[in-house]
Amino acid sequence: MNLISWFDWITPTNPFASFFFGILFTIILGFTVWVETRNFKTVLITTSTGIVVTAIGVSLLNLIGYYS
């Protein structure tokens, strides 16, 4: 069983892939914010918010049965 498929970045097929790509995109967003602002507090808030939103989104999708 593969945990991540090549097309999971478009439509995640399991919670692990969804969480993985959510965190990956959050890190990319955090890096982009760092390049633009050079303010660690802004990067921390952006990254923390992204991780929380990703975790809540994956949990809700898993709760309603999206991945089954």
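What's counted below: heavy atoms across the whole structure, side chains too, no hydrogens, waters or symmetry copies. Nothing fancy with the numbering, it's 1 onward along the sequence.
In plain terms, the two heavy atoms of Pro12 and Tyr66 that are nearest each other are O-CE2, 3.9 Å. In this structure, Phe40 and Trp34 approach most closely via the heavy-atom pair N-CZ3, 3.8 Å. Of all the heavy atoms in Ser68 and Gly65, the pair that sits closest is OG-O, 3.0 Å. In this structure, Val58 and Phe19 approach most closely via the heavy-atom pair CG2-N, 3.8 Å.
Going from atom OG1 of Thr13 over to atom CG of Leu3 covers 9.0 Å, rounded to the nearest 0.5 Å. Here Phe16 contributes atom CZ and Asn62 contributes atom CG; the two are 14.0 Å apart, rounded to the nearest 0.5 Å. Rounded to the nearest 0.5 angstrom, Thr54 OG1 and Leu24 CG are separated by 10.5 Å. Note: Ser18 OG to Ile4 CD1 = 10.5 Å, rounded to the nearest 0.5 Å. The line from CG of Asn14 to CG of Asp8 is 6.0 Å long, rounded to the nearest 0.5 Å.
Each of Val33, Thr32, Thr26 was evaluated against Thr46; a single residue qualifies, Val33, per the side-chain contact (heavy atoms from CB on, under 4.5 Å) test.
Side-chain atoms of Phe31 and Val35, non-hydrogen and from C-beta on, do get closer than 4.5 Å to each other. Thr49 is listed as a side-chain neighbour of Ile45, based on a closest heavy-atom distance under 4.5 Å.
With hydrophobic clusters built from ILVMFWY side chains whose heavy atoms lie under 4.5 angstrom apart, Val43 does not share a cluster with Ile27. There is no path of hydrophobic side-chain contacts, each under 4.5 Å, that joins Phe21 to Tyr67.
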**Item:** Evaluation steps, side-chain contact (heavy atoms from CB on, under 4.5 Å), between Ile51 and Ile23
**Value:** CA-CA 6 Å; Ile51 291 170; Ile23 297 300; 3.6 Å; yes

